[in-house]
Amino acid sequence: MSILEILTYPDPFLKTKAARLSRVDDSIRTLIHNMIDTMYGARGIGLAATQVGADARVIVLDVPDARSEEEEPYRRGKNLVALINPEIIASSGSIVYEEGCLSLPGETADVERAANVSVKAIDKNNDPVEISAQGLFAIALQHEIDHLDGILFIDRISRLKREFIKRRLKKAKAAAL
Ligand code: NI
């Protein structure tokens, strides 16, 4: 297992539309394990393969329950899922949430998404899975599936805010070089 490098804006690979997988093999299972390590290492609640430079429709998520962070220390692994070829097959409602992204360090913005989604995918054993999600889990699923289509949360906010965040990220990256 190893920690992978997380690509950050404006890395052009983040705009890639990732390839569907015909089946999950050991190399994909290794990628999944490394993505999980990388997600936890970065204290994220979700990660898409596109963010670690892999051209594959794979996402991992471990979204805390609504109240668990306040009531008890968040238990890592409790809600862990790895989904291959995830597809939103139904959605309803709308919800606005202040999102962040490991590929856009330090930036957040209010994003409107569906409040409820059903997602179908296959798991790491090639078995079909279907998930119904609400709230933060639904938001995170949409955010990660977006990554597989080369879409960042800043692509879903007003142009003015997007350009402001892009400028700030480019400046931060230039300063770090
Ligand atoms: Ni993200």
Side-chain angles (χ1 to χ4, degrees), residues 1-63 80-88 91 96-114 117 119-122 124 136-177:
M1 305 226 182
S2 48
I3 303 269
L4 307 168
E5 186 199 346
I6 299 175
L7 305 179
T8 55
Y9 180 87
D11 192 300
F13 195 83
L14 291 170
K15 293 206 161 199
T16 310
K17 190 167 162 60
R20 275 182 78 83
L21 297 174
S22 52
R23 62 176 283 107
V24 182
D25 59 16
D26 282 342
S27 74
I28 294 298
R29 279 186 278 268
T30 300
L31 171 67
I32 290 169
H33 287 143
N34 291 340
M35 284 173 61
I36 291 168
D37 278 359
T38 305
M39 173 177 72
Y40 288 142
R43 300 178 160 277
I45 60 169
L47 189 69
T50 315
Q51 293 178 275
V52 294
D55 182 14
R57 299 189 80 80
V58 176
I59 58 174
V60 297
L61 302 104
D62 189 358
V63 178
L80 179 62
V81 286
L83 301 173
I84 297 94
N85 298 337
E87 252 178 83
I88 294 169
S91 62
V96 175
Y97 186 81
E98 186 179 356
E99 295 188 19
C101 178
L102 296 172
S103 293
L104 303 165
E107 300 294 340
T108 61
D110 282 345
V111 182
E112 184 177 359
R113 296 190 189 269
V117 293
V119 172
K120 85 170 188 185
I122 54 172
K124 62 179 167 46
L136 185 55
F137 189 29
I139 291 164
L141 281 165
Q142 293 168 84
H143 177 119
E144 300 311 332
I145 292 170
D146 264 358
H147 273 302
L148 301 181
D149 292 321
I151 298 168
L152 300 170
F153 80 75
I154 53 171
D155 296 317
R156 297 197 177 277
I157 62 177
S158 76
R159 184 163 175 262
L160 196 69
K161 281 188 199 158
R162 177 167 58 249
E163 293 309 320
F164 182 76
I165 289 176
K166 282 182 172 179
R167 259 203 313 277
R168 195 158 53 194
L169 284 166
K170 281 179 182 162
K171 228 187 236 174
K173 214 169 204 183
L177 291 177

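Worth saying up front: this structure is predicted, and the values here are computed from it rather than measured.
Residues Ala49 and Leu31 approach most closely at CB-CD2, 4.3 Å, considering heavy atoms.
For the side chain to side chain contact (heavy atoms under 4.5 Å, CB included) with Ile165, the lone residue among Leu152, Ile157, Leu160 that qualifies is Ile157.
Between Gln51 and Leu102, the closest side-chain pair of non-hydrogen atoms falls below 4.5 Å. In this structure the side chain of Leu61 never reaches within 4.5 angstrom of the side chain of Ile45, judged on heavy atoms. Val24 is listed as a side-chain neighbour of Ile122, based on a closest heavy-atom distance under 4.5 Å. Leu104 places a side-chain heavy atom less than 4.5 Å from the side chain of Ile154. Within the 4.5 Å cutoff, side-chain heavy atoms of Pro105 are placed close to those of Leu169. In this structure, the side chains of Leu7 and Val52 stay at 4.5 Å or more apart for every pair of heavy atoms. The closest side-chain heavy-atom distance from Lys17 to Leu148 is not below 4.5 Å.
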What do the steps show when you test Glu112 against Arg156 for salt bridge (charged side-chain N to carboxylate O under 4.0 Å, His left out), and what is the final call?
CA-CA 8 Å; Glu112 184 177 359; Arg156 297 197 177 277; over 6 Å; no
For a side chain to side chain contact (heavy atoms under 4.5 Å, CB included) check, start with the C-alpha distance between Asp149 and Arg57, then their side-chain angles and the critical distance, and finish with the verdict.
CA-CA 9 Å; Asp149 292 321; Arg57 299 189 80 80; 2.9 Å; yes
For Leu21 and Ile28, what are the C-alpha separation, side-chain angles and deciding distance, and is it a side chain to side chain contact (heavy atoms under 4.5 Å, CB included)?
CA-CA 9 Å; Leu21 297 174; Ile28 294 298; 3.7 Å; yes
Quick one, Asp110 with Tyr97, criterion side chain to side chain contact (heavy atoms under 4.5 Å, CB included). Give me CA distance, side-chain angles, the key distance, then yes/no.
CA-CA 5 Å; Asp110 282 345; Tyr97 186 81; over 6 Å; no
Side chain to side chain contact (heavy atoms under 4.5 Å, CB included) evaluation trace for Val58 with Leu83
CA-CA 6 Å; Val58 176; Leu83 301 173; over 6 Å; no
Would you check, one step at a time, whether the test salt bridge (charged side-chain N to carboxylate O under 4.0 Å, His left out) holds for Arg113 with Asp146?
CA-CA 11 Å; Arg113 296 190 189 269; Asp146 264 358; 3.0 Å; yes
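Of the possible donor and acceptor atoms, one in the side chain of Gln142 sits under 3.5 Å from a partner among the backbone N and O of Ala114. Ser91 contributes no side-chain N or O that, together with a main-chain N or O of Val117, makes up a donor-acceptor pair within less than 3.5 Å. Between the side chain of Glu144 and the backbone N or O of Leu141, no donor-acceptor pair lies under 3.5 Å. With Arg29 contributing its side chain and Lys124 its backbone, the two residues share a donor-acceptor pair below 3.5 Å.
The distance from atom CG of Leu47 to atom OG of Ser103, rounded to the nearest 0.5 Å, is 7.5 Å. Atoms CD1 and CG, on Ile6 and Asp11 in that order, are 12.5 Å from each other to the nearest 0.5 Å.
With sequence neighbours left out, the side-chain contact (heavy atoms from CB on, under 4.5 Å) criterion links Asn34 to Met1, Ser2, Leu4, Thr30.
Salt bridge status for Glu87 with Arg20: present, with a side-chain N to carboxylate O gap under 4.0 Å.
By the 6.0 Å contact criterion, NZ on Lys166 is enclosed, its count of non-hydrogen atoms from other residues, nucleotides or ligands being greater than 12. Shown here is Lys173, whose NZ atom has more than 12 heavy atoms of other residues, nucleotides or ligands within 6.0 Å.
Screening residues 143-177 for ring-ring contact (aromatic ring centres under 6.0 Å, His included) gives His143-His147 as the qualifying pairs, with residues at least two apart or on separate chains.
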